[in-house]
Q: 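Okay, handing you the structure first.
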There are 2 protein chains.
Amino acid sequence: MKRSRLSSFIHHYKIPLLYGLSLAALLLVLKWLEVRILLIDHAFEVYIGGIALLFTALGIWLTRKLSRPRVETVLVEKEVYVQGGLPFAINEREVDQLGISKRELEVLGLMAEGLSNQEIADRLFVSLNTVKTHSSRLFEKMEVRRRTQAVEKGKRMNIIP
Amino acid sequence: MKRSRLSSFIHHYKIPLLYGLSLAALLLVLKWLEVRILLIDHAFEVYIGGIALLFTALGIWLTRKLSRPRVETVLVEKEVYVQGGLPFAINEREVDQLGISKRELEVLGLMAEGLSNQEIADRLFVSLNTVKTHSSRLFEKMEVRRRTQAVEKGKRMNIIP
DNA sequence: GCCGGCCTCATACTTTCGGGTGATTTTGGC
DNA sequence: GCCAAAATCACCCGAAAGTATGAGGCCGGC
C-alpha cells in the first residue's frame, strides 16, 4: 500500500524529482570540486561555462520531455459527389454550435469577399465600429486572430461559400 | 556592400550569435560579481543555483524557439461535397500572364492559409520586410489592395488550391 | 561584360486591424 | 412587461498590414 502510494507519487512527480536530484547531485560535486577550483583559479569561467551548457541541455531535455505534442486534427475529406451544383448549403449545425449570430455570419461573408471593415460597414449601413465589434466577437467564437484565418476556417467548415 | 553581407550574416546566425553574446555578457557579470561572491562565501551555492535556473530557462526557450513542434495527428473523417473530382492543377497561364514570380506565389499560398506576414517570414526564413515587398508586388500584379482580396482572387483564378 | 528580373532587406510613414471597455437601443421569447 | 441576447456605436491603444523608396546580390540571356 505504502509502496504503491510512493511509486505513484514518484511516477507523477518524476520530472521535478529528477530535476531536484540533479541539482542536489550537482551541489555535491561542486563541494568536492571546490578545492581544486580555488587552486586552479582561472578555471572558474570554464567551470561556469560547463554549468551553463549542462543546464541548457537539461532545459532542452526537459522541454522535449514535457511538452505534450500538439494535437493536430486532420480532416480526411471523404468526397461525396453531387450532380447539380447544389447552391451551397451552410452547415447550420456548426454555426449555432459556435453561437455565431446572423449579423456576424454576414460580416464573415463579406470578409471572405476581400472587403475591408470600412467597406463592410458601408455595405451594411452601419458604422465602422460596429463592424469591428462584430468581427471581434466572430474571431473569438471561431478561435482565430485574423480575418484571413476566419475566412479560411469558415470555408473549411462550410459556413461560407 | 559590407553592411548588407554583415547584416545577412547576422540574420542567418542570430540564434547562435545571441547565445554566444549571452555567454560573454554573463562572464563579464561574473567577473564583476566575483569579489562579493568570495566575500559572502556561503552564497556560492545559491549563485550556482541561479545560473542553473537561468540556463535551464534558456534551454527551454531555445527549444521552444527552434524545434518544430511535435504534432500528433488525429484523423477525422468528414464528408465534403464536391462537384468535379479533379485534384487541382494550378493555372500556369494566369500566373505568368500576370508575371507573378515563384516566390510571390509561395507567399500568396501562405497568405491563403491565414498566416500573418511575420509567420510567412519565419516559414520562408526571410525577413518581414521581404515578405512585405513580395506581397506589395503581388497586390500590384493582381490589382488588389488587401491580402483577403488577393486570396479570394487567387482562388477564383485557380492559382492557389 | 552588362542588363534586367528576381530576391533580399532596410527605413520611414500611413492605414487598417484587432483588443478592451463601456454604453445605449432593438428585439425575441417567456 | 421583462429579461437576455443581439445589435449598435464610441474611444483608445498597440499591432499588423500596406506604401514608397532605395539599394545590394545573384543569375541568365545577349
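Numbered from 1 within each chain, the chains take letters A, B, ... in sequence-line order.
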Q: Salt bridge or not for A/Arg123 and A/Glu119, using N-O below 4.0 Å?
A: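 No, this pair does not count.
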Q: Taking the side chain as every heavy atom from C-beta outward, state whether A/Leu110 and A/Leu124 have any atom pair closer than 4.5 Å.
A: yes
Q: Could you give the NE2-to-P distance, from B/His134 to D/dA17, as a whole number of Å?
A: 16 Å
Q: To the nearest Å, how far apart are B/Glu104 CD and C/dG5 C1'?
A: 11 Å
Q: Output the single nucleotide from D/dC11, C/dA10, C/dT8 whose closest atom is nearest the side chain of B/Asn129.
A: C/dA10
Q: Whole Å only: how far is the CD1 atom of A/Ile120 from the C1' atom of D/dA7?
A: 16 Å
Q: Does a donor on one side chain sit under 3.5 Å from an acceptor on the other, for B/Ser136 and B/Thr133?
A: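 No, no side-chain donor-acceptor contact under 3.5 Å.
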Q: If only atom types and distance count, is the side chain of A/Ser135 paired as donor or acceptor with the main-chain N or O of A/Val131 below 3.5 Å?
A: yes
Q: Mark up nucleotides 14-30 of chain C, 5' to 3', with B wherever a protein heavy atom is under 4.0 angstrom from a base atom, S wherever such an atom reaches only the sugar-phosphate, and - elsewhere.
A: ---SBB-----------
Q: Can you tell me how far C1' of D/dA6 sits from CD of A/Glu106, to the nearest Å?
A: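 Taking atom C1' of D/dA6 as the reference, CD of A/Glu106 is at 13 Å.
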Q: Send over the distance from A/Gln149 CD to D/dA16 P, rounded to a whole Å.
A: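 Nearest whole value for this atom pair: 12 Å.
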Q: Rounded off to whole Å, could you give me the CG-to-P distance for the B/Leu138 and C/dG5 pair?
A: 18 Å
Q: In whole angstrom, give the distance that lies between atom CD of B/Glu119 and atom C1' of D/dA16.
A: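 Going from B/Glu119 (CD) to D/dA16 (C1'), I get 11 Å.
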Q: Which salt bridge (Lys or Arg N to Asp or Glu O under 4.0 Å) pairs, counting each pair once, include a residue from residues 128-145 of chain A, with sequence neighbours left out?
A: A/Glu104-A/Lys141
Q: Looking at A/Glu152 and A/Arg156, is there a salt bridge between them, counting it only when a charged N and a carboxylate O are closer than 4.0 Å?
A: yes
Q: Scan A/Ser127 against the nucleic acid and name what it touches under 4.0 Å (heavy atoms): base, sugar-phosphate only, or nothing.
A: sugar-phosphate
